[in-house]
Each structure stands twice: as structure tokens, then as C-alpha cells.
A.B. asks: 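I have a structure I would like to understand better, so I am pasting it below and will then ask my questions one at a time.
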Protein chains: 2
Amino acid sequence: MNDILKKKFPSFSNALLIDINTNALQQSFAAGDVIMRTGQYIKNTVLVLSGKIKIYREDEEGSEFFMYYLQPGQACAISMICATKNQKSQIMAKVVEDVELIMVPLQLMDKWMMQHRSWYEFVIDTYRSRFEEVLDVIDSIAFRAMDERLEFYLKRHRDACDCDDLKLSHQEIASELNTSREVISRLLKKLEQRGVLKMHRNNIELLK
Amino acid sequence: MNDILKKKFPSFSNALLIDINTNALQQSFAAGDVIMRTGQYIKNTVLVLSGKIKIYREDEEGSEFFMYYLQPGQACAISMICATKNQKSQIMAKVVEDVELIMVPLQLMDKWMMQHRSWYEFVIDTYRSRFEEVLDVIDSIAFRAMDERLEFYLKRHRDACDCDDLKLSHQEIASELNTSREVISRLLKKLEQRGVLKMHRNNIELLK
DNA sequence: CTTCCTATGTGATAAATGTTACAGATTGTA
DNA sequence: TACAATCTGTAACATTTATCACATAGGAAG
């Protein structure tokens, strides 16, 4: 696993890479799997080698609010934070494209902070960028109406898949924005009229 | 400043306390002061000795969305995160009760992570608790209507002042929840009818 | 007391969003 | 082909929230 790891996490020092190779486990999950649930205890910090994961916030009735993507070269900030305190997870993680993960036991996560400068910087940078991303999410729901939130949502998905064709149904979008399908259908039509996108079945083509 | 510092940050080791005393500056601000603005560069990590600070997220039109309180014994997670990367601030901090702060230069913030176990644990714990708090804020706006959001808001203010009399005007609440005064007045009346609170001028008395 | 300022109350109305109900279109599969 | 399942479109209506207009009340200051 060393070569992929080195490629996806280029900032890691050789000593750190060796430590990961000898101590951490690699694990695979298929699209659709839920690899972390709200309320579950977190025992590992998760590094993503390949594939894609979506991170959600859940409410009591089971609604799922989309927060952000987890991609190759990234780590789950929440798992890092919770791991150090042996806390329950506050989020739900769903695999959207088959993933290969590195699972780092929580004691090592902590120990390496002192031993490996590159690990420390990676962890801090992960915290920082996720915190910022979450603040942007707050912006969108606190200050924006649903039409702008939808555009923000679509743009983030384009960034994540790095393509202009989003394989999303209206119902899926509605659930992840915690609204209803009809609202999304109406707003998408308006965006189509404005020339922002073109609708197809199970597929939204972004034009701008 | 050693005694207050020790009392408010009991987890800090003696070596760390000495380092803070010899390297960090103490600074005071009066109620009403804005000590950090969106877009400003952060040069220090802030530890609160006394007083109270409110942290807001701002939008382009100048609306201020309340996120959380900063209290004695706490540190600004955002300043820590941004400081390590010399980033611009994404938040606005307003003093609501005269404060005394310890300003820790960013290089030290970083250096101490490796040198002082108690500093490291404090920083990680600050990240964790703020991240959780921000996730709760997301819950409230993503899943809840304004009436529940208002109750959540009032409870957090009670927790922060540790008393049942909240010195808040309807306009103030409306701004911090990014809605209009009329909406808040109406919802407060409903809460009063339900026996949750009692309204006075510039003062809301929580009963439950 | 009068005047002024701020805080609050409230009705009317508009706009955004949520809900219900149903129809048609597309796809997969027996 | 026939059928079931899913996706999308849309009308009608309810609810929530935003906006406007104006009234009333309390406190501060002259």
C-alpha cells in the first residue's frame, strides 16, 4: 500500500509512511455502505486512499443533511477529534464510490502528533479546512434562500466529481438539503430557464 | 497574571504557565469592542481570562449570525486554526462584557504543541468542543423551524450567562438569528403563552 | 410634564416553502 | 409485450416567514 499512500499523501515523511505501513490497517467498502453512524464510538482515524465518501449530519427523524465530501488524500476531521477523546460520532458517513481506507488506531493518531511533524501539520490542516468548509455550510443555510443553497450544493458536487454531469435525482438533492422534491424540481426548472444547467433523467448537466 | 491564569486554565502544567507568563501579552477590551473582523489576518491565539465574547459569522450585507460564546477558561478555536496557517479570519468577535485576554503569538502556539502535553490537549479539546458546537448550530438551522431555533438560542444564552434573565431586545435576537423583529416578537409571545418565559422590556425571563 | 427615542404589538399582505394529490415518462425486468 | 418501480411535472392549497404600516408603551432628558 506504500506507493498509493505516498502518492495520495505526499506531505507525509518517510518515517511516518513506515509507521503507517507497520501499524495501520487497510480496509475496503463498497458504494452504499454506511461506515460511520451517529452515536457510534469511533476507534480509528480514517485516511482515504481511493473512492468517495459523503459526510452527513442526521436528526432524530432520520433526515440526512449533507455536509461535505471526503476524498482521496483526505482524512475525517471528526474522527480525529472524537478519537482523541474517545467520543461518540456526531456524523454519518456513506460511501458513494467504492473506497480503500487506512484505519489508524486512536492511540497512534495521538502519539504521532508528537513524533511526526508532517502528521501534526496534516492533522492541523485537516481541522482547519474542515472547519472552514463547515462555516461555509452555515453561511449557506443561515443567510441564503433555497435557490442559492441549491446552486451552492450543485457547485460543491461539481468540485467533488470534477465533472459537469451530476448523477443526482431530485429526491436525493431534496433529502440532502432537507427540503422536498417538489421544491427542488421547481427551482431546478428556474435554473434551467436561466441557462445555468440542463436537466436529464438522474443527471444534471451544469452549463456555467 | 499567573494566579488568574492558573485558576481559569487548571489543566495547564507549571512549565506551560511559566512559558505563557514570559512570552504572552495580556490585553483588555471593553464591552462593545469588536476584537476580530472577517477578513482580518490573525496574529495571535486568544485565551480568555475574564469577561465574555460573542462569535459571529457575517455575510456580505453585514448581517451577523451568532455562533457561540467565548468565556473565561476558553480559547478561540478559529484563531488557533487560522494562526497556524497565517490565514484570514472567517469570523467576527464582539466583546459583550469587558474582557481580559492573553494573546499568544502564533509561532508559540505551534511550538508549544510539541513541548507541552497540557497545551496540546487543551488545543485538541478546544477544536473538538467547538466543532461539536458548530455542528449543533447546523442542526438547528438545517432541521428546525424558527420557533425551535429561538428556544435553542435562548437556552444557549442562559447557559452562557448562567442566569434566567436574558438582557436581549427582540431586535437583537432577530439580527443574531438572521430574521426580522416582528417574527421574534410573535414567536416570543407564543412561548410566553406556553409558559416557557415571561417578557419584560429588554429582558426575557426564562421559566423552564 | 412634555418631548424624544427606543422597544414592542399587531394587522394586512406578499413571498417562499411545504404538502397533497395525481399524471405522465422512463427504465428495468418478468 | 406487460408490468412494476422510479423519476419527474404540475396544480392546488396550507403554512411559515418576510415586509410594510402604523399604534402603543416605557424610559430618559430637558
Side-chain angles (χ1 to χ4, degrees), chain A residues 31-32 59-66 96 138-154 157 165-194 196-206, chain B residues 31-32 59-66 96 138-154 157 165-194 196-206:
Chain A
D59 79 345
E60 306 81 40
E61 284 98 43
S63 302
E64 304 171 356
F65 180 80
F66 171 69
V96 291
I138 287 192
D139 276 8
S140 74
I141 33 180
F143 297 126
R144 313 272 165 227
M146 196 52 82
D147 54 347
E148 284 188 83
R149 287 178 55 191
L150 176 58
E151 283 199 66
F152 177 68
Y153 173 91
L154 294 174
H157 280 255
D165 289 299
L166 310 180
K167 306 272 177 276
L168 296 166
S169 73
H170 297 186
Q171 182 57 65
E172 214 173 328
I173 300 173
S175 304
E176 303 200 338
L177 289 173
N178 199 49
T179 179
S180 65
R181 179 191 62 78
E182 293 85 339
V183 171
I184 295 300
S185 291
R186 281 195 281 253
L187 293 175
L188 281 174
K189 194 162 72 172
K190 280 189 195 168
L191 289 177
E192 189 172 46
Q193 284 164 358
R194 277 176 42 203
V196 177
L197 52 81
K198 213 162 146 55
M199 279 190 277
H200 312 280
R201 190 185 171 86
N202 266 322
N203 180 356
I204 293 168
E205 183 188 348
L206 287 179
Chain B
D59 80 345
E60 307 80 40
E61 285 98 43
S63 303
E64 303 171 355
F65 180 79
F66 172 69
V96 291
I138 287 191
D139 277 8
S140 73
I141 33 182
F143 297 126
R144 314 273 164 225
M146 197 50 83
D147 54 346
E148 285 189 83
R149 287 178 55 193
L150 176 57
E151 283 199 67
F152 177 67
Y153 173 91
L154 294 175
H157 275 71
D165 288 299
L166 310 180
K167 305 272 176 278
L168 296 165
S169 74
H170 298 186
Q171 182 57 65
E172 215 172 327
I173 300 173
S175 303
E176 302 200 339
L177 288 172
N178 201 47
T179 179
S180 65
R181 180 192 62 79
E182 294 88 332
V183 171
I184 296 300
S185 291
R186 283 195 270 257
L187 293 176
L188 280 174
K189 194 162 71 173
K190 280 188 195 167
L191 289 177
E192 189 171 45
Q193 284 163 356
R194 275 178 43 205
V196 177
L197 53 82
K198 212 162 147 53
M199 279 191 276
H200 310 280
R201 191 184 172 86
N202 266 323
N203 179 356
I204 293 168
E205 183 188 349
L206 288 179

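Throughout, a chain's letter reflects where its sequence line sits, starting with A, and its residues are numbered from 1.
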A.B. asks: For A:Leu150 and C:dA16, give me the distance from atom CG to atom P, rounded to whole Å.
C.D. replies: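 Atom-to-atom, A:Leu150 to C:dA16, this comes out as 15 Å.
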A.B. asks: Check each of A:Leu191, A:Leu166, A:Asp165 against A:Leu206 using the side-chain contact (heavy atoms from CB on, under 4.5 Å) test, and report the only one that passes.
C.D. replies: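 So the option named by the test is A:Leu166.
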A.B. asks: Can you check each nucleotide of nucleotides 17-25 of chain D against protein heavy atoms at under 4.0 Å and return B for base, S for sugar-phosphate only, - for none, in 5' to 3' order?
C.D. replies: SBBBB----
A.B. asks: Between A:Lys190 (NZ) and C:dA15 (P), how many Å, whole number?
C.D. replies: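 For the pair A:Lys190 NZ and C:dA15 P, the rounded distance is 11 Å.
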A.B. asks: Mind checking the CD1-CE spacing from B:Ile141 to B:Met146? Nearest 0.5 Å is all I need.
C.D. replies: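 Going from the CD1 atom of B:Ile141 to the CE atom of B:Met146 covers 9.5 Å.
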A.B. asks: In whole angstroms, how far is the P atom of C:dT26 from the CE atom of A:Met199?
C.D. replies: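 Rounded to the whole Å, the gap is 14 Å.
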A.B. asks: Report the distance from atom CD of A:Gln171 to atom P of C:dG18, rounded to the nearest whole Å.
C.D. replies: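 In whole Å, C:dG18 P and A:Gln171 CD are 13 Å from each other.
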A.B. asks: Would you say B:His200 places a side-chain N or O within less than 4.0 Å of OP1 or OP2 belonging to D:dG26?
C.D. replies: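 Looking at the OP1 and OP2 atoms of D:dG26, neither is under 4.0 Å from any side-chain N or O of B:His200.
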A.B. asks: Ignoring backbone atoms, test whether A:Lys189 places a side-chain nitrogen or oxygen under 4.0 Å from the OP1 or OP2 oxygen of D:dT10.
C.D. replies: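 Affirmative; the distance criterion is met.
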A.B. asks: Taking the side chain as every heavy atom from C-beta outward, state whether A:His170 and A:Leu188 have any pair of such atoms under 4.5 Å apart.
C.D. replies: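 A:His170 vs A:Leu188: side chains touch.
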A.B. asks: What's the spacing between A:His157 NE2 and A:Lys167 NZ if we round to 0.5 Å?
C.D. replies: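 Atom-to-atom, A:His157:NE2 and A:Lys167:NZ are 14.0 Å apart.
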A.B. asks: Could you tell me the separation between the CD1 atom of A:Ile141 and the P atom of C:dT17, rounded to a whole number of Å?
C.D. replies: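 Spelled out: CD1 on A:Ile141 to P on C:dT17 is 14 Å.
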A.B. asks: Rounded to the nearest angstrom, tell me the gap between atom NE2 in A:His170 and atom C1' in D:dT10.
C.D. replies: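 Result: 13 Å.
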A.B. asks: Between B:Asn178 (side chain only) and B:Phe65 (backbone N and O only), is there a donor and an acceptor less than 3.5 Å apart?
C.D. replies: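 Absent.
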A.B. asks: Working to the nearest 0.5 angstrom, can you tell me the gap between B:Ser180 OG and B:Arg186 CZ?
C.D. replies: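 It is 7.0 Å, given to the nearest 0.5 Å.
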A.B. asks: What is the distance, to the nearest angstrom, from the CG atom on A:Leu177 to the P atom on C:dG18?
C.D. replies: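 Taking atom P of C:dG18 as the reference, CG of A:Leu177 is at 10 Å.
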A.B. asks: Grab the CD1-P distance between B:Ile184 and C:dG9 for me, whole Å please.
C.D. replies: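 B:Ile184 atom CD1 is separated from C:dG9 atom P by 12 Å.
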